[in-house]
> 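Have a look at this one.
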Amino acid sequence: MGAGQTVSADCVSHSLWHELAHGLPPTPDLARRLIGCSDEELPGLLASARAVKERFRPGVITYSRKVFLPLTNLCRDYCGYCIFRKDPSDAGAHTMTPEEVLDVVRAGEKLGCREALFSLGDKPELMFPEMRATLRRLGYRSTLHYLEAMCELVLRRTSLLPHANPGLMSAAWVARLGAVCPSLGLMLETVSEALLRPGAAHDRAPDKVPSRRLQVMENAGEQQVPFTSGLLIGIGETPEDRVEALFVLRELHQRYGHIQEVIIQNFRVKPGIPMQDWPEPSRGEMLRTVAVARLVLGDMNLQAPPNLSAPDYEQLLEAGINDWGGVSPLTPDFINPEAPWPHLAELERRTAAAGQQLRERLCVYPEFVGMAISRGGLLADKVMAAVDTHGLARRAA
């Protein structure tokens, strides 16, 4: 086959895995076929994906050592799978104070953490007068203004680098948060508008309209802000929807070069959520989705959280991931509290057993460090102080 060609769905033969393993990208038709491949074909799919990963990041799996900061769990969206969000009257509803933020970050600093991950509900002040009152008491006009101040606080007062997942935001807010965060994030989750229908996962979630989320990513691309996104699988979308989402993310990255990471996250059942009786995606579905993601995305960073695939999370390495995501020695995964992080020593042992070296990165990936530094100021100074000559986390002296 000539340069620039792709393998099509009707071209399946004994040479298919060889072609894919050597970097020939699948067409959408072939990707849709592969994501539903038989158990007999699965080893070939995994081997091809692993080979593509090795061409991209030979022998290395990265992770970020972080603290998890649930700045506020109040949220105006009611996603059917979420246990993180709260109404003000719910037990456990909380907005962190600046003192609480600094206490957690400084405790993480002592444990060698490098990333301060801010997660929060989407625009709760638009729905809850209690949140508006909290913001007034703290001295801020909106949740995004408060987030911006807390990211700057972490940047100025500690050695950790903030990464924020603030939900929908305007181009102006991408610029403002991009000035105090080396990288930003927003999960695409799905391109399926069917999930907005009554009774579906995004029925009461106005901020989960796919086109609105893609607009945020486009804004970030235009401003060259390193951006994390990804898919949430098993929430009612079809395998074909997953393939479409992967091609959308690839096209965005090809246009702007700013998607630093694509996460494949699997839905996990939690008691008390509207989808508590919903079936979780199988291990086979997860492996197929990750492997097809690697073949479609090629030399883009691909992550899958180890805590959501325990106990045998090392199988994800066979599907072509090159990153474990953020792992905390201090704070739980507040989005999935039932799934504890693996101990870092055990993560390193299992990664090594798979023939890979575990390396610590910053919240911004090595090839995107320059993009973050180009914004100058304190942000650039802090990133340069934390990064080594390979773009990874500088080892402690």
> Any sub-3.5 Å donor-acceptor pair from R213's side-chain atoms to D207's backbone N or O?
yes
> Quick one: do R57 and E367 make a salt bridge, cutoff under 4.0 Å?
yes
> Would you say the rings of F68 and F334 are close, in the sense that their centroids are separated by under 6.0 Å?
yes
> For G36, is there any backbone N or O sitting under 3.5 Å from a side-chain donor or acceptor partner on R288?
no
> Under the criterion side chain to side chain contact (heavy atoms under 4.5 Å, CB included), which of V292, T238, V296, L295 is the partner of I35?
V292
> With a 4.0 Å cut-off, would you call E240 and R32 a salt bridge?
no
> Over 60° means perpendicular and under 30° means parallel, so tell me whether Y146 and Y140 are parallel, tilted or perpendicular.
tilted
> Working to the nearest 0.5 Å, report the span between CD of E338 and CD1 of I83.
7.0 Å
> Kindly say whether F84 contributes a backbone atom to a donor-acceptor pair with the side chain of K86 at under 3.5 angstrom?
no
> Distance alone, cut at 3.5 Å: any donor-acceptor contact between the side chains of Q260 and H253?
no
> With a 3.5 Å distance limit and no angle check, can you tell me whether E152 reaches the backbone of V180 through a side-chain donor-acceptor pair?
no
> Under 4.5 Å between any side-chain heavy atoms of E318 and L287, yes or no?
no
> Is there side-chain contact between S328 and K66, with at least one heavy-atom pair below 4.5 Å?
yes
> How about S374 and Q224: do any of their side-chain heavy atoms sit closer than 4.5 Å?
no
> Does R361 pair with E261 as a salt bridge, N-O distance under 4.0 Å?
yes
> Using modelled atom types and a 3.5 Å cut-off, is there a donor and acceptor pairing between side-chain atoms of D122 and backbone atoms of L168?
yes
> If only side-chain N and O atoms count, and only distance matters, is there a donor-acceptor pair under 3.5 Å linking E100 with H94?
yes
> Do R350 and Y313 meet the cation-pi criteria used here (NZ or CZ under 6.0 Å from the six-membered ring centre, within 45° of the axis)?
yes
> Answer yes if the side chains of N307 and N336 hold a donor-acceptor pair under 3.5 Å, and no otherwise.
no
> Under a single-linkage definition using a 4.5 Å side-chain heavy-atom cutoff for Ile, Leu, Val, Met, Phe, Trp and Tyr, are L308 and L317 assigned to the same hydrophobic cluster?
no
> Can you find a heavy atom in the side chain of W278 that is under 4.5 Å from one in the side chain of I235?
no
> Classify the side-chain pair E285/N266 by whether it contains a donor and acceptor separated by less than 3.5 Å.
no
> Looking only at atom types and distance, does a side-chain atom of K382 sit under 3.5 Å from a main-chain N or O of L155, one as donor and one as acceptor?
yes
> Can you find a side-chain donor-acceptor pair between Y256 and E218 that sits under 3.5 Å?
yes
> Does the D87 side chain pair with the main chain of S89, one donor and one acceptor, at a distance under 3.5 Å?
no
> Between the side chains of S192 and E237, is a donor N or O closer than 3.5 angstrom to an acceptor N or O?
no
> Do any N or O atoms from the side chain of E54 and from the backbone of G59 form a donor-acceptor pair under 3.5 angstrom?
yes
> Look only at the side chain of R375 and the backbone of C181, and say whether a donor-acceptor pair between them is shorter than 3.5 Å.
yes
> Please report the interatomic distance CZ(R132) to CG(L126), rounded to the nearest 0.5 Å.
8.0 Å
> Any luck finding a side-chain donor-acceptor pair between D323 and Y365 under 3.5 Å?
yes
> Compute whether any side-chain donor of one residue and acceptor of the other, for H202 and Y81, lie under 3.5 angstrom apart.
yes
> Out of curiosity, does L153 fall in the hydrophobic cluster containing L135 (side-chain heavy atoms, cut-off under 4.5 Å, transitive links)?
yes
> If we ignore angles and hydrogens, is there a donor and acceptor under 3.5 Å between the side chains of T158 and E109?
no
> Return yes when atom CZ of R197 has more than 12 non-hydrogen atoms of other residues, nucleotides or ligands closer than 6.0 Å, and no otherwise.
no
> Do S64 and V327 make a side-chain contact, defined as non-hydrogen atoms from C-beta onward lying under 4.5 Å apart?
no
> Determine whether the side chains of Q215 and N219 contain a donor N or O and an acceptor N or O closer than 3.5 Å.
yes
> Taking D388 for its side chain and L392 for its backbone only, find out whether a donor-acceptor pair lies under 3.5 Å.
yes
> Counting neighbours of CZ on R157 that are heavy atoms of other residues, nucleotides or ligands and sit closer than 6.0 Å, is the number greater than 12?
no
> Once the angle between the rings of W173 and H145 is folded into 0 to 90°, is it parallel (under 30°), tilted (30 to 60°) or perpendicular (over 60°)?
perpendicular
> Does CZ in R212 sit with more than 12 non-hydrogen atoms of other residues, nucleotides or ligands closer than 6.0 Å?
yes
> For W324 and T351, does a side-chain donor sit closer than 3.5 Å to a side-chain acceptor?
yes
> Can a salt bridge be assigned to the pair R65 and E115 using a cut-off of 4.0 Å between side-chain N and carboxylate O?
no
